[in-house]
Amino acid sequence: MERTYIMVKPDGVERGLVGEITKRFENKGFQLLALELKAPSREHLEKHYADLSAKPFFGGLIKYMTSGPVVAMVWQGKGVVKAGRVLLGETNPLASLPGTIRGDFALDVGRNICHGSDSVESAEKEIALWFPQGVISHNRVIEKLIYEN
């Protein structure tokens with residue numbers, strides 16, 4: 001099974017959307033492996049967003065991301081990276097369809113509620129960064145109702 005890293009950003013935490021976001025992933029059938037409220041340091045966020053460090057908005061992004069707590073999560077399931085990004089919607093909320101998290105709850109790129117890994121490789125790197133102690137894995141009885149095999 002594939003894993004992904006999903007983070008509710010400070011705007012989503014402040015607006016009380018953590019439960020709604022978690023519910024959407026659970027309703028889809030994905031398994032929650034880890035969830036933690038965190039107050040990441042500037043250095044930690046610079047590592048997480050290292051691929052964006054040359055972008056003109058990088059400083060503002062880091063400042064915003066340190067403005068409040070975030071909720072770090074690991075989800076597991078068949079095709080969870082791609083499906084997770086579909087659940088989140090487009091990076092620009094105005095281009096996101098209704099029914100997606102960003103399409104329903106966000107208006108601006110700089111306050112787009114969530115981060116989701118963009119590939120399996122990125123997911124594993126991000127999971128290791130945010131959960132260096134590892135995550136719990138367990139077999140759910142319900143799996144046979146979600147997957148054919």
Side-chain angles (χ1 to χ4, degrees), residues 1-97 99-140 143:
M1 285 287 164
E2 202 173 277
R3 301 186 312 170
T4 194
Y5 175 72
I6 301 294
M7 176 172 48
V8 182
K9 296 178 179 180
D11 55 325
V13 174
E14 182 69 23
R15 292 177 55 196
L17 296 173
V18 175
E20 177 66 30
I21 293 162
T22 302
K23 176 183 172 185
R24 290 182 185 212
F25 278 81
E26 287 180 327
N27 283 349
K28 185 74 174 174
F30 295 125
Q31 181 182 14
L32 180 63
L33 298 181
L35 181 145
E36 189 174 342
L37 183 69
K38 296 184 179 252
S41 68
R42 177 178 187 82
E43 294 75 26
H44 190 89
L45 289 163
E46 286 173 349
K47 285 180 191 173
H48 177 82
Y49 288 114
D51 61 320
L52 302 176
S53 63
K55 302 285 184 183
F57 59 81
F58 184 73
L61 171 65
I62 298 302
K63 182 179 178 184
Y64 173 66
M65 291 298 296
T66 58
S67 71
V70 301
V71 172
M73 297 183 278
V74 179
W75 291 91
Q76 179 173 277
K78 184 176 183 180
V80 71
V81 171
K82 183 176 180 182
R85 292 188 58 87
V86 170
L87 285 171
L88 294 180
E90 299 296 322
T91 301
N92 180 351
L94 294 177
S96 295
L97 295 173
T100 64
I101 292 164
R102 291 174 178 150
D104 289 349
F105 300 113
L107 294 170
D108 200 358
V109 174
R111 302 293 184 268
N112 67 359
I113 310 290
C114 290
H115 163 84
S117 300
D118 61 4
S119 69
V120 173
E121 296 76 23
S122 293
E124 291 304 324
K125 180 181 168 188
E126 292 170 352
I127 291 166
L129 177 65
W130 289 89
F131 293 94
Q133 73 280 9
V135 300
I136 296 171
S137 186
H138 60 94
N139 295 321
R140 297 186 298 178
E143 294 294 316

Would you indicate whether the side-chain heavy atoms of T100 and V86 approach each other to under 4.5 Å? no
Any carboxylate oxygen within less than 4.0 angstrom of a Lys/Arg side-chain nitrogen, looking at E43 and K47? no
If you count the non-hydrogen atoms of other residues, nucleotides and ligands that lie under 6.0 Å from CD in E14, is the total more than 12? no
Separation between CD of E126 and NE2 of H115, rounded to the nearest 0.5 Å: 3.5 Å
About how many Å separate NZ of K38 and CE of M7, when rounded to the nearest 0.5 Å? 11.0 Å
Working to the nearest 0.5 Å, report the span between CD1 of I101 and CG of N112. 11.0 Å
Taking all non-hydrogen atoms of both residues into account, name the closest pair between R3 and V81 and its distance. O-CG2, 3.5 Å
Within this structure, what is the OH-NZ distance for the pair Y49 and K55, rounded to the nearest 0.5 Å? 14.5 Å
May I ask you to say whether K125 pairs ionically with D51, meaning some side-chain N is under 4.0 Å from a carboxylate O? no
Taking the side chain as every heavy atom from C-beta outward, state whether E2 and K82 have any pair of such atoms under 4.5 Å apart. no
What are the two closest non-hydrogen atoms of P40 and V70, and how far apart are they? CD-CG2, 3.9 Å
What one should report as the nearest heavy-atom pair of P93 and R102 is CB-O, 3.8 Å
Would you say the side chain of H48 lies within less than 4.5 Å of the side chain of W130, judging by non-hydrogen atoms? yes
Are the side chains of W75 and T22 in contact, using a 4.5 Å heavy-atom criterion? yes
Would you mind reporting whether Q76 and R140 have side-chain heavy atoms less than 4.5 Å apart? no
For the CG atom of L87 and the CZ atom of F25, what is their distance to the nearest 0.5 Å? 5.0 Å
Any side-chain heavy-atom pair from L17 and V8 closer than 4.5 angstrom? no
